Amino acid sequence: MSDAYDVQEVEARWQRRWEDEGTYRVDLDDPRPASYVLCMYPYPSGRAHQGHVRNYTFGDVLVRYRTMKGEAVLSPFGFDSFGLPAENAAIKGGAHPREYTEARIAELKRSVQRLGAVYDWRRELRSHDPDYIKWNQVIFQALLGEGLAYRAEAPVNWCPGCQTVLANEQVLPDGTCERSGDVVERRNLEQWFFRITRYAEELLDALDALDWPERVKTMQRNWIGRSGGAQFKMAVCEQPELSVEVFTTRPDTGFGMTYAVLAPEHPLVELVTTGDQEGEVRELLERAKRSSDIERLSSEGALDKRGAFTGSHVVNPFTGEPVPLYVADYVLGSYGTGAIMAVPAEDQRDYDFAKAYGLPVVRTVEPPADFAGDGAYSGDGPHVNSGFLDGLDNEQAKAKAIEFLEEGGVGHRMVNYRLRDWLISRQRYWGCPIPVVHCPIDGIVPVPESELPVLLPEDVEFRPTGESPLKSHEGFLHATCPICGGPAVRETDTMDTFVDSSWYFMRFADPREEERPLNLTAVRKYMPVDRYIGGITHAILHLLYARFYTRALGDVGIGPKEIREPFAQLFCQGMIRLGGRAMSKSRGNVVSPNEYFERVGADALRLFHLFAGPPVEDIDWSDQTDEIVEGCSRYLGRVWRLAVGEVTSTAGAPDAGGPDALRREIHSTTARVSADIERYGFNTAVAALMELTNSIYRHVHASTDAAAVDEAVRTLLELLAPFAPHLAAEAYERRYGGHVHVQAWPVADPAYLVADRVTMVVQVNGKVRDRIEVPAAIGEDEATALALASDKVVELLGGAAPRRVVARPPKLVNVVA
RNA sequence: GCCCGGAUGGCGGAAUGGUAGACGCGGCGGCCUCAAAAGCCGCUGUCCGAAAGGGCGUGCGGGUUCGACUCCCGCUCCGGGCACCA
């Protein structure tokens, strides 16, 4: 047997062996404690890129580590295989989306397997498989039955590039499509929605208890956007039978309302606009309709063209005085009541508008003395010009103002959320069909479960018209109404692919369950996911939808009702940048892992990703990267020679400290590596392994006794196993026999973690001046005495008595001169 | 504008309030070799110094402390999120 390490042969052989022996398969009757480690399932983009490598390496370290710790780790893999790129490729003259997608799945799967990441492949899922489509549709019907799915006409985000509607979440803040970059238009269309808003409060409140990155939780909080305040009605002076209802977070400032505003979309606009104002109002409505969201949301541009007086007035319930009613595009039809009370003195937007239209500004909160005086003051302070609220602070005044509105029967406390219902219909082919038919007699009728799945027809033609090919496929369109048996038209919308990814992690618990979407026993065994790993890019969309779906499925009886949160712990790994930009296929700046697999092997590339920096931080793929990869490869060679090759003692080698010192290092390294893995400190874990390796070399050179070295190498290989699984396995088998990945994870013995003698630092005025070898158990008095006796200290004190001595034995003594 | 992160050698990065720069990359030197590669060993923050040794040093300015990369206050720059949401 050659001592040379044949990377390609060894890696291929162990990968086959893990698969053949089912090392990482788990089953329901597994007696070991169950746990669940999951990487976000990928959109199959073909060959893996470095981002995948990083993601799956991190996940794989945890799977292997926890397996060695004695857990039955559920580690499944699947593909988020519906989605626009496949369809766009077909339109451009490529293959059918199915062929295109499946070819790419095969490619990605090969890369993932080549990496040596281990999965229970029996559980592989693909969103576009008929089986998954069926359960997706069954879930949809259940949500429909419970009113959690509904159809409504709504102003929607239409992307002209993608020729489909987008969820609010898919529109970037600048009003462009997150995928194509086109400017998103507003259109009124009948669409399917999921009632995620029903869970707004729960989704918000439950965030606190999650072990997730704080910034992800913050993003979700912002997205849900809870604001508390009051809602109340104001009668229209000119037409007392009409009233305008407004929402405000600042009912305490009601006395300062000097005008009110309707959104251009508000249904009352037409009714309250007087004849002489009609021209102006009409012009504004036209403008608002024409304007893209970008223009409308921009604070640029002349304000005086963005509002108009309706000619009517409403009565301010606090003062009893009439105030003018305006219509303005800075008020959104889709939030709150679509109308506001305007308080220029305490709201900057209202202030700017009031200035442009010459409306009065009345302060109701006394600003602090140092307040610049220009513009609105939205902070806290004593109320003024506010009748019964005078003198109160904001909180007190709010409570009292709401009380006042309630007593008057015109209003009440109110909470509003920024979160809107989730628009799930897409006018595209390559997605899960929405399983309903439209019957001229019975309306919208769900397809009965016995007829599911509704599958996509294969024989379709993709044309660059932008219209879904389903709309012109006679065979697909033609259906029978399940109620009346008459002719009906099949729904041609498909589901947002985020629907697919909102429950796959639960299906993984038993992906072959044939009776229901979820096997509850299996779901209960593994859920929630203990470690969920993926990119920060999904901080809002996927993670919020998955949280919603987990709850909704529980509540409609498909999932376990008690499991509310899908991901107990979330880890977001940093991005990989190249040339200052995120590495991504769409930017065309990907570095393929394949050349690294060929040159240095999977272990070295894995080690690079683990070692390059903290997993949470972004890393730059730079000129230095290849050199570091080489370094990782070199390190593995060093381990290999130590374990399998010939490393011998060296004449004149310095004393390495003997077997006791080596044993202490074995245990301290074990402790460090274990703790580092738990906190995703993979870079420092690898550093610790390198230190131990260097140390073992020193001990070998210095002829430390073979038993201690043998023990050290064994532990090194065991600790290295999650990081460089192939080399560790091969070296371990050759040297010790047996399979390292089924060994028990080493445990640090605390007895070895304390040394007999340690180096004590002696400082004078906080500066290190000397180091003394002392017994670890040294007391304060003795440490002080030793420090004061130090030549350096004597010299620096120059005969004077120290003013103070701070002793922290056995680590440090600080002498204050 | 608001809310989060971050800033440490030539580079990637380590450091429960207690030896700043672990580990690695790069560089320099030595051993091995006919030679090279590989490997093994050592040095490598900066300034002064032949050396011993000493000064300075974690974005900037203050503060707390015997002692601050670490905690507090005030800035600068970089990255990210949110932003007419009433």
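Source: prediction; values computed, not measured. Lettering of chains follows the sequences in order, A, B, ..., and the numbering in each one begins at 1. FYI, side chains are in, hydrogens and waters are out, and symmetry mates aren't considered; it's all heavy atoms of this structure.
No contact: Arg221(A) has no heavy atom under 4.0 Å from any strand. Among the atoms of the strands shown, none is found under 4.0 Å from any heavy atom of Tyr417(A). Among the atoms of the strands shown, only primed sugar atoms or phosphate atoms (P, OP1, OP2) are found under 4.0 Å from some heavy atom of Gly631(A).
In terms of phosphate contacts, Arg634(A) brings no side-chain nitrogen or oxygen within less than 4.0 Å of OP1 or OP2 of G24(B). Using a 4.0 Å cut-off, some side-chain N or O of His701(A) falls inside it from OP1 or OP2 of C41(B). For Arg638(A), a side-chain nitrogen or oxygen approaches OP1 or OP2 of C40(B) to under 4.0 Å. Between Ser227(A) and A86(B), a side-chain N or O to OP1/OP2 separation shorter than 4.0 Å is present. Checking the phosphate oxygens (OP1, OP2) of C40(B), a side-chain nitrogen or oxygen of Tyr697(A) falls inside 4.0 Å. When the side-chain nitrogen and oxygen atoms of Lys217(A) are compared with OP1 and OP2 of G81(B), none of them lie within a distance under 4.0 Å.
Nucleotides of RNA chain B nearest to Arg250(A) and Arg215(A) differ in position, and the one nearer the 5' end is that of Arg215(A). Nearest-nucleotide positions on RNA chain B for Ala339(A) and Arg418(A) put Arg418(A) closer to the 5' end.
In this structure, Phe353(A) has its ring center under 6.0 Å from that of Tyr326(A). Aromatic rings of Tyr680(A) and Phe58(A) (six-membered ring for Trp) have centroids beyond the 6.0 Å cut-off, not under it.
Rounded to whole Å, the separation between the P atoms of G12(B) and G67(B) comes to 33 Å. Rounded to whole Å, the P atom of G10(B) lies 16 Å from the corresponding atom of G57(B). Of the C1' atoms belonging to G17(B) and G24(B), the separation is 28 Å, rounded to the nearest Å. U70(B) and G63(B): their P atoms are spaced 14 Å apart (whole Å). U46(B) and C41(B) have their P atoms separated by 24 Å, given to the nearest Å. Atom name P, nucleotides G49(B) and U33(B): the rounded distance is 41 Å, in whole Å. Rounded to whole Å, the C1' atom of C84(B) lies 22 Å from the corresponding atom of C4(B). The gap from the P atom of G6(B) to that of G21(B) amounts to 22 Å, rounded to the nearest Å.
At whole-Å resolution of the value, CD1 in Ile340(A) and P in A86(B) are 11 Å apart. Residue Leu607(A) contributes atom CG, which lies 11 Å from atom P of C25(B) at whole-angstrom precision. For the pair Ile536(A) CD1 and C82(B) P, the computed distance is 11 Å after rounding to whole Å. For Asp347(A) and G1(B), the CG to C1' distance is 13 Å, given to the nearest whole Å. Atom CD in Glu617(A) sits roughly 7 Å away from atom C1' in G6(B) (whole-Å rounding). Rounding to whole angstrom units, CG of residue Asp620(A) and P of C11(B) are separated by 14 Å. Following rounding to the nearest Å, Met219(A) (CE) and G5(B) (C1') show an atom-to-atom distance of 10 Å. Across the protein-nucleic acid pair, Leu262(A) atom CG and A86(B) atom P stand 18 Å apart, rounded to whole Å.
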(request) Could you run through nucleotides 14-23 of chain B and give me one letter per nucleotide, 5' to 3': B if any protein heavy atom sits under 4.0 Å from the base, S if only the sugar-phosphate is that close, - if neither? (result) SS--BBS-BB
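Pair assignment for G24(B): C11(B), on the basis of Watson-Crick or G-U wobble contacts that are both within less than 3.5 Å. Look at G29(B): its Watson-Crick or wobble partner, with both distances under 3.5 angstrom, is C41(B). In this structure, C2(B) and G81(B) make a Watson-Crick or G-U wobble pair, each of the two defining distances being under 3.5 angstrom. In this structure C60(B) sits in a base pair with G74(B), meeting the Watson-Crick or G-U test at under 3.5 Å. Across the strands present, A86(B) finds no partner; the criterion is a Watson-Crick or G-U wobble pair with both atom distances under 3.5 angstrom. In this structure G18(B) sits in a base pair with C66(B), meeting the Watson-Crick or G-U test at under 3.5 Å. Across all strands shown, the partner of G53(B) is C48(B), judged by Watson-Crick or G-U wobble contacts whose two distances both fall under 3.5 Å.
With Leu727(A) as the fixed residue, the side-chain contact (heavy atoms from CB on, under 4.5 Å) test singles out one of Val644(A), Val7(A), Leu720(A): Leu720(A). The one candidate from Leu797(A), Val813(A), Val794(A) that meets the side-chain contact (heavy atoms from CB on, under 4.5 Å) condition with Leu788(A) is Leu797(A).
A donor-acceptor contact under 3.5 angstrom links the side-chain atoms of Gln624(A) to the base of C25(B).
A salt bridge between Glu214(A) and Arg221(A) is present, with a side-chain N of the basic residue lying under 4.0 Å from a carboxylate O of the acidic one. Ion pairing of Arg54(A) with Asp618(A) is absent here, as no side-chain N (NZ or NE/NH1/NH2) approaches a carboxylate O to less than 4.0 Å. The pair Glu795(A)-Arg769(A) does not meet the salt-bridge criterion, since no charged nitrogen lies less than 4.0 angstrom from a carboxylate oxygen.
Nearest nucleotide to the Lys792(A) side chain, out of C82(B), G54(B), C66(B): G54(B).
Side-chain N or O atoms of Lys217(A) include one that pairs as donor or acceptor with a backbone N or O of Asp208(A) at under 3.5 Å.
The minimum heavy-atom distance between Ala200(A) and Leu419(A), with the atom names listed, is CB-CD2, 4.1 Å.
Taking syn as a glycosidic angle within 90° of 0, G42(B) does not qualify and is anti.
The aromatic rings of Trp640(A) and Tyr5(A) are tilted relative to each other, their planes meeting at an angle between 30° and 60°.
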